[in-house]
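Any value given below was found using the heavy atoms of this structure, including those in side chains, with hydrogens, waters and symmetry copies removed. Index from 1, following the sequence.
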Amino acid sequence: MDRRKKRGAVVSGVSGSYRSYGLSGESTKKKKQGLDRMRIALALIALAALIAIVVAYALTGSGREGVGRVTRIGATLSQNVRPFGDSVIFYDGTTLHCVAATGGNEWSYQIGANADYDCTQKRIVAWSGNDIFILNNRGRLIYNNKMSDTIQFASAGDNYVAAFIGEADNGVISVIGSDGQIVDNITIENQTLLDIGFFYSSTSSSAQETELMWVLGLDTTGTVISTELQTFQPGKLSTGKSSLGEHIAYSVYATGGTLNVVDTRQITHYNYRVLEQGSATLIYGYTMEDIRQSGTTTYQLLIPAQEQNEGTSISNVRLMAGSVDRVLHLPSECLAAKLGSRSVYGFSSSAVYVCRFGETSFSSYSLPITVTAVLGMITDNRAVVASGSEIYVVELPD
């Protein structure tokens, strides 16, 4: 048979009619429509995948440029690790170590077993039993002595150190100057001492700012326990004293010579004589998390009170600076929030979220380690974090 005739012959079957050695025009059209539908389906699948990537990117920082250098510093979470200027200090059970952000050991000083310490950027005080050690920021010993009784705790200032000695509710605060001389012994009676700190303020006798000391305690002599704040000028008399009421204060910090006392309801502002200044700032439902001075502005970071317990997550933060009081919503739940020199940082286990001061939205950056705790910030916007039991310093974006 002629092949050309055979090509045009019709073959009948249960599935329909086809032309031998080729498809009919109608079948070709159906095939094209099927291919078009397949292309549309593939395009929709690709679009859905792209949307999923964008959502993951927004929530977890995946796909976004990561943070800077991450350095393991050779300390563990149980070794009382603290930020210290541009370095990190930790106590290994017998010795204090100061480690640079890049991981190198800067200095070490042996203080013995069962010790504790406090530090500022200029001074370190450590104690064990009735032994006290005062070091400068280079790890050199300034003062070492055996005090008359057990040291309950001590606090470091820039030029002074205060050590509370004796019983928890009946002891003496010894104030030691930068030359190692004891300049004050302040008796504490009928009061449970909560904390001691130092701040700068001009006084009636000097226009220049002077380092002063504040003392926070609970007055237990009355029928109702009340919090009491006192101030002192080291080497001179008391400069002020006031009862703060029954709300227990948990933080005291200074801004521009003003003492700010934080309790569960509000922040109350006092001058160096403990006289109230202006109206209190209501913070009910929030807890003070971090404070940072940047230029002449003090930034205060708060988190919802119910979110401060271990194991809970932070979904929003409150930032106060001057007249600005703003709630910022984090892209995803975080385990900690801190302040840098120019930004608010929220930390999840796998990402860090960054919001510049004055802005309202966060950028996301992936972390190369799993963060389980944030211990604080050091200079140049670097965070001291834990991953399990190991400690790392992480360079953060501005």
**Student:** Would you say that more than 12 heavy atoms from the other residues, nucleotides or ligands in this model lie under 6.0 Å from the CD of Glu167, or not?
**Tutor:**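 Open: at most 12 neighbouring heavy atoms sit under 6.0 Å from CD of Glu167.
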**Student:** Taking all heavy atoms of Ser242 and all of Val274, pick out the closest pair and write down the distance.
**Tutor:**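 Looking at all heavy atoms of both residues, the shortest contact is CB-CG1, 3.4 Å.
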**Student:** Check whether more than 12 heavy atoms from other residues, nucleotides or ligands sit under 6.0 Å from atom CG of Leu237, and answer yes or no.
**Tutor:**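 It does not: Leu237 CG has 12 such atoms or fewer within range.
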**Student:** Have His269 and Ser279 got a donor and an acceptor in their side chains that come within less than 3.5 Å?
**Tutor:**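 No.
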**Student:** So does Gly93 get a backbone contact from the side chain of Tyr91, meaning a donor-acceptor N/O pair under 3.5 Å?
**Tutor:**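 Flag set: sc Tyr91 to bb Gly93 pair under 3.5 Å.
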**Student:** Could you tell me how the ring of Tyr353 sits relative to the ring of Phe362: parallel (under 30°), tilted (30 to 60°) or perpendicular (over 60°)?
**Tutor:**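 Answer is perpendicular, since the angle exceeds 60°.
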**Student:** Within the 3.5 Å criterion, strictly below it, is a donor on Asn130 or Asp149 matched to an acceptor on the partner's side chain?
**Tutor:**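 No, no side-chain donor-acceptor pair sits under 3.5 Å.
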**Student:** About how many Å separate CZ of Arg123 and CG of Asp158, when rounded to the nearest 0.5 Å?
**Tutor:**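 These two atoms lie 7.5 Å from each other.
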**Student:** Assess whether salt bridge (charged side-chain N to carboxylate O under 4.0 Å, His left out) is satisfied between Asp290 and Lys338, documenting all intermediate values.
**Tutor:** CA-CA 6 Å; Asp290 201 5; Lys338 296 295 177 184; 5.2 Å; no
**Student:** How many angstroms lie between CD1 in Ile165 and CD1 in Ile132, if you round to the nearest 0.5 Å?
**Tutor:**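 So the gap between those two atoms works out to 7.0 Å.
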**Student:** NZ/Lys236 to CG/Leu212 distance, rounded to the nearest 0.5 angstrom?
**Tutor:**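 Taking NZ in Lys236 and CG in Leu212, the distance rounds to 10.0 Å.
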**Student:** With side chain to side chain contact (heavy atoms under 4.5 Å, CB included) as the test, would you mind laying out the steps for Val88 and Arg82 before giving the verdict?
**Tutor:** CA-CA 6 Å; Val88 179; Arg82 298 191 188 186; over 6 Å; no
**Student:** Is it the case that the side chain of Glu333 and the backbone of Leu335 share a donor-acceptor pair, with hydrogens and angles ignored and the cut-off at 3.5 Å?
**Tutor:**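 It does not hold such a pair.
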**Student:** Please confirm whether Tyr143 and Phe133 have ring centers closer than 6.0 angstrom.
**Tutor:**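 Ring-ring flag for Tyr143/Phe133: false, centres at least 6.0 Å apart.
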**Student:** Can you classify the ring geometry of Phe84 versus Trp107 as parallel (below 30°), tilted (30 to 60°) or perpendicular (above 60°)?
**Tutor:**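 Judged by the thresholds at 30° and 60°, the geometry between Phe84 and Trp107 is perpendicular.
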